[in-house]
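Taking it in order: structure first as structure tokens, then the write-up.
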Amino acid sequence: MQGNVRAGGTMVGDKWLGKREWLIASELAEPTPLRERPVTGAPVVRPAQLPAAAPDFTGRADAVRELSGLLAAPGGAPPVLTVAGIGGIGKTALAVHVAHAARRHFPDGQLYADLGGAGSSPAEPDAVLAAFLRALGVPDAAIPDAAEERTVLYRSALADRRVLVLLDNARDAVQIRPLLPGGGARGCAALITGRSTMAGLPGSHLVDLDVMSPEEAFSLFALIVGEERAAVEREEVMDVLASCGFLPLAIRIAASRLASRRTWTVSVLARKLADERRRLDELRAGDLAVKASFELGYGQLEPAQARAFRLLGLAEGPDISLAAAAALLGLDEDASRTLLEALVDTSLLESTVPGRYRLHDLLRLYARACAEPDGLPPAERDAALSRLLDFYLATAARVYAAERPGDRTVEHLAPTTHPGLAFASSGAALEWLFTEADCLIACARQCVTDGRRRRVADLLTAALDLAESGARSSQYQGVAEAIIESARTAGDVRTEARARSTLGNLYYFTGRFEHAERELERALDLELTAGDPMLASRVPNRLGSIVLDQGRREEAETYFHRALNAFRADANEAGEASALANLARVHIDKGRAQAGVELAEQALAIYQRLGASLRLANGRYTLGIALTRTGRLEEALAHLTQALDIFRETRQQLWEGMAHFRLAETHLAAGRPARAAWHAERSLAMQGLCGEWRRGSLLTVQGKALAAVGQTDRARKCWQEALTIYERLGSPEREEVRALMGAPSIRPAGPPHAEAARAHPEPPGGMAAR
């Protein structure tokens with residue numbers, strides 16, 4: 001565009017344009033190189049505005065490689081790269097480091113602006129544009145007043161140049177859009193950092209920054225405090241890093257505090273940070289503070305978002321599902337999703353996978369710190385946790401019912417305000433339970449109080465599959481013990497009895513039989529006072545299995561008949577089948593194998609009629625053992641194999657291992673020692689949670705199978721280990737193992753007789769359903 005320039009305007013053809021109109025028109029025309037334009041008459045300026053890079057920058061190799069590769073890629077539209085993450089994650093350090101490394105690709109300069117997006121007064125785009133234009137050589141007199149006109153001039157100034165624009169600490173996409181190089185600036189690139197993911201920037205490439213790996217975190221800490229000092233107390237350093245949640249800002253602050261205090265050891269710092277109530281206050285050094293970084297993001301939240309953030313901090317699980325969060329917030333899922341995604345967009349919350357959310361450990365502490373002064377009175381906090389507990393109890397009860405059709409246990413659980421989630425299949429129900437296991441147990445642990453204690457005890461009952469499978473045994477045990485203590489102190493007999501019952505079951509599942517018997521006997525005594533129909537049937541059914549494993553057959557038969565009558569009085573058909581299956585075991589142990597087969601068939605018929613998948617596996621398992629005792633080996637193998645498949649599908653690792661164990665016995669009896677050895681090996685690999693005594697039984701059978709295929713050295717090693725276990729426990733089975741070790745060889749025998757069966761009793765819980 002050509003024209004006659006006069007003071008205050010320009011003549012273009014026969015039309016007079018004022019200065020501002022002329023600038024707009026000229027920039028919409030075909031651009032000319034900046035050094036030739038009549039706009040400023042100023043020489044070309046190459047800005048170099050990047051802040052100094054951190055001298056101790058370390059780690060982030062993948063992110064550095066990814067960003068550097070994109071900045072170096074030639075041609076195409078100007079790349080727009082966004083680095084997002086929570087406050088203190090190291091976004092600026094990464095971006096500045098990458099920008100310095102990429103300077104050779106942008107010889108015409110580097111622009112930088114701190115947009116203040118995390119604060120209460122973010123930079124206005126038109127002010128940033130004015131500063132950028134000045135840096136590019138445009139005099140003040142030529143800078144338009146309107147923001148839109150400044151953007152036009154800015155993009156024209158970047159045309160035909162290769163300039164890197166680093167926009168640090170951006171608030172949102174609205175603030176960023178005017179500052180991006182235009183489509184004509186193909187040699188330019190924009191590198192943006194911010195707590196928001198900038199979802200409104202189409203075509204941008206996002207690097208969502210996570211916390212450091214333990215190795216990266218240690219390297220950063222060691223760079224600041226010194227390699228030797230860090231190496232001397234490496235374990236304590238890892239404790240410090242864990243308390244920092246592997247957040248770079250927190251690590252830098254902790255290391256800086258230590259570096260400035262030569263008399264401190266790392267242990268001193270680790271102890272200070274171990275106190276969660278003081279941790280955020282300890283993470284402060286000079287003008288750096290983790291809490292201050294979090295406050296900037298929290299201050300931007302709308303009231304509903306801030307409330308959601310505070311409530312999310314109450315839940316102690318490693319993460320939280322959308323459905324659980326909705327219960328905690330007291331909202332429907334759609335409203336909850338909107339709030340949670342808003343928190344994700346501001347990097348105060350992470351979305352680990354679709355439908356699940358997680359707070360960084362330090363952000364959780366900050367959320368709890370915000371709860372008291374920002375209007376979350378104890379009553380509101382208690383109500384939120386009560387809603388969350390109701391959600392887990394109601395849904396776990398649905399899982400229990402899906403796995404045990406005909407079992408009336410769920411009808412005896414405490415009522416809830418939440419209906420619980422519905423499941424399309426028992427497989428989906430179990431998938432939910434194992435996915436939510438850590439969150440469910442964490443909720444139970446923090447809800448052991450007077451107002452929620454009874455529901456927590458019932459939650460453990462409803463989540464029985466977790467205990468039976470061996471999952472989270474120690475956490476499950478800790479909650480049960482806490483309930484017992486709380487209920488005993490409060491004189492809550494019913495709750496104490498139920499908690500002792502669940503603890504007894506857990507001990508039984510993990511092979512601690514004496515502990516199991518003690519807890520279950522105490523539960524049965526308390527049940528006589530509480531009058532609990534659920535315990536009146538379930539507890540004697542468990543106790544019968546314990547005493548039978550100890551050879552106390554008459555006592556076991558009495559317990560099982562007591563359980564059978566109580567199950568029938570409660571119209572609990574699944575429980576009735578369980579008691580029948582356990583009575584079948586008594587008959588087998590007494591040498592009445594055919595009677596055992598008939599009882600096992602009755603139990604199996606009930607399970608088949610009820611359509612209970614997992615319990616059907618227990619029924620087939622029991623029948624398979626009974627058939628083995630009567631010499632019907634092929635039928636036994638068919639039932640045991642079907643049971644094994646179901647146990648595997650339903651994640652019952654303990655029972656899967658026991659099915660392998662019984663298949664090993666049956667193959668050995670059928671003269672297939674190689675197959676027996678394979679199943680015994682699989683069983684041993686799965687029995688880590690079942691206690692030493694059970695391992696001794698498995699080693700004994702494996703030794704028999706190995707000896708039968710001629711591997712006598714391996715067989716003797718198995719028996720020696722089994723003998724060591726039995727002697728340590730004082731178990732009578734040691735005599736059998738001594739006899740085996742003294743025998744010249746072991747040959748496949750016929751069906752095991754009753755006494756041999758007692759030497760290898762069932763896993764905790766008996767042969768059938770609990």
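In this chain, residues are counted from 1 in sequence order.
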field: Pairwise distance CD(Gln702) to CG(Leu698) - rounded to 0.5 angstrom
entry: 8.5 Å

From Leu388 atom CG to Ile320 atom CD1, the distance as rounded to the nearest 0.5 Å: 5.5 Å

task: Please tell me if the side chains of Thr435 and Arg356 come closer than 4.5 Å, counting only heavy atoms from C-beta onward.
output: yes

Backbone N/O of Leu663 and side chain of Thr666: donor-acceptor pair under 3.5 Å: no

Thr461 and Thr502: side chain donor to acceptor below 3.5 Å: no

message: Taking the basic N atoms (NZ, or NE/NH1/NH2) and the acidic carboxylate oxygens, is any pair closer than 4.0 Å for Arg500 and Glu521?
response: no

- prompt: Without hydrogens or angle criteria, can the side chains of Tyr357 and Glu341 be said to hold a donor-acceptor pair below 3.5 Å?
  reply: yes

Closest non-hydrogen atom pair between Tyr621 and Arg662, with its separation: OH-CG, 3.3 Å

query: Does any N or O in the side chain of Arg408 come within less than 3.5 Å of the main-chain N or O of Asp570, such that one atom is a donor and the other an acceptor?
result: yes

statement: Separation between OG (Ser537) and CG (Leu564), nearest 0.5 Å, reads 10.5 Å

field: Side-chain H-bond candidate by donor/acceptor type, Thr630 with Arg632, under 3.5 Å
entry: no

query: Applying the side chain to side chain contact (heavy atoms under 4.5 Å, CB included) test to Leu393, which of Val456, Leu459, Leu440 qualifies?
result: Leu459

message: Is any side-chain heavy atom of Leu610 closer than 4.5 Å to one of Glu573?
response: yes

message: Less than 3.5 Å apart, any donor N or O on the side chain of Gln477 or Glu481 sitting next to an acceptor on the other?
response: yes

message: On a heavy-atom basis, which atom in Ala499 and which in Ile484 lie closest, and how many Å separate them?
response: CB-CG1, 3.6 Å

- prompt: Hey, is the main chain of Gln642 close enough, under 3.5 Å, to the side chain of Arg620 for a donor-acceptor pair?
  reply: no

task: Please tell me if the side chains of Arg404 and Leu464 come closer than 4.5 Å, counting only heavy atoms from C-beta onward.
output: yes

message: If I compare all heavy atoms of Phe560 with all of Ser545, which pair ends up nearest, and what's the gap?
response: CZ-N, 3.3 Å

query: Under a 4.0 Å N-O cut-off, is there an ion pair linking Glu519 with Arg542?
result: no

For Leu524 against Pro540, the heavy-atom pair lying closest together: CD1-CD, 3.9 Å

task: With the side chain counted from C-beta on, respond yes when Met534 and Arg498 share a heavy-atom pair under 4.5 Å apart, and no when they do not.
output: yes

message: Nearest 0.5 Å, please: how far is CD in Gln653 from CE in Met658?
response: 13.5 Å

task: Answer yes or no: is there a side-chain heavy-atom contact under 4.5 Å between Leu331 and Leu339?
output: yes

message: What I'd like to find out is whether the side chain of Phe509 reaches to under 4.5 Å of the side chain of Ser473, using heavy atoms alone.
response: no

- prompt: Quick check, are the ring centers of His660 and Trp678 under 6.0 angstrom apart?
  reply: yes

Salt-bridge contact Glu316-Arg364 (side-chain N to carboxylate O under 4.0 Å): no

task: Take Val586 and Asn582 through the side-chain contact (heavy atoms from CB on, under 4.5 Å) test and state the conclusion after the steps.
output: CA-CA 7 Å; Val586 174; Asn582 283 329; over 6 Å; no

- request: Ignoring hydrogens and angles, state whether a donor on the side chain of Ser486 or Arg453 is under 3.5 Å from an acceptor on the partner side chain.
  value: yes

message: Looking at Pro354, is its backbone amide N or carbonyl O close enough to the side chain of Ser351 to form a donor-acceptor pair, meaning the two atoms are under 3.5 Å apart?
response: no

message: Whether Arg648 and Asp645 form a salt bridge (side-chain N of Lys/Arg under 4.0 Å from carboxylate O of Asp/Glu) is what I want to check.
response: yes

query: Quick one: are Arg553 and Lys590 in side-chain contact, heavy atoms under 4.5 Å?
result: yes

message: Assess the residue pair Ile588 and Val597 against the criterion (side-chain contact (heavy atoms from CB on, under 4.5 Å)); give the C-alpha distance rounded to whole Å, side-chain angles, the decisive distance to 0.1 Å, and a yes or no.
response: CA-CA 8 Å; Ile588 292 170; Val597 169; over 6 Å; no

message: Tyr559 vs Asn541, test: side-chain hydrogen bond (donor to acceptor under 3.5 Å, both in side chains). Steps then yes/no.
response: CA-CA 6 Å; Tyr559 274 130; Asn541 205 32; over 6 Å; no

- request: Nearest 0.5 Å please: distance from the CG atom of Leu389 over to the CG atom of Leu328.
  value: 11.5 Å

message: Please find the pair of heavy atoms, one from Ala516 and one from Gly504, that lie closest to each other, and give the distance.
response: CB-O, 3.4 Å

message: Could you check whether Arg675 pairs with Glu681 (Lys NZ or Arg NE/NH1/NH2 to Asp/Glu carboxylate O, under 4.0 Å)?
response: no

query: Is it true that Glu496 and Arg488 have a side-chain N and a carboxylate O under 4.0 angstrom from each other?
result: no

- request: For Leu668 and Ala676, work out which heavy atoms get closest and say how close.
  value: N-CB, 3.7 Å

message: In the structure I gave you, are the side-chain heavy atoms of Leu604 and His639 within less than 4.5 Å of one another anywhere?
response: yes

task: List the steps, then state whether side-chain contact (heavy atoms from CB on, under 4.5 Å) holds for Leu430 with Ser426.
output: CA-CA 6 Å; Leu430 274 178; Ser426 62; 5.9 Å; no

Side-chain donor-acceptor contact under 3.5 Å, Arg452 with Gln446: no

- request: Kindly assign one of parallel, tilted or perpendicular to the pair Trp432 and Tyr392, based on the angle between their ring planes and the thresholds 30° and 60°.
  value: tilted

message: Strictly below 4.0 Å, N to O, side chains only: are Arg455 and Asp458 in salt-bridge contact?
response: no

message: So, taking the atom named CG in Leu627 and the one named CG in Leu640, what distance separates them when rounded to the nearest 0.5 Å?
response: 8.5 Å

task: Show your reasoning for whether side-chain contact (heavy atoms from CB on, under 4.5 Å) applies to Arg552 and Glu557.
output: CA-CA 9 Å; Arg552 293 148 60 185; Glu557 191 167 9; over 6 Å; no

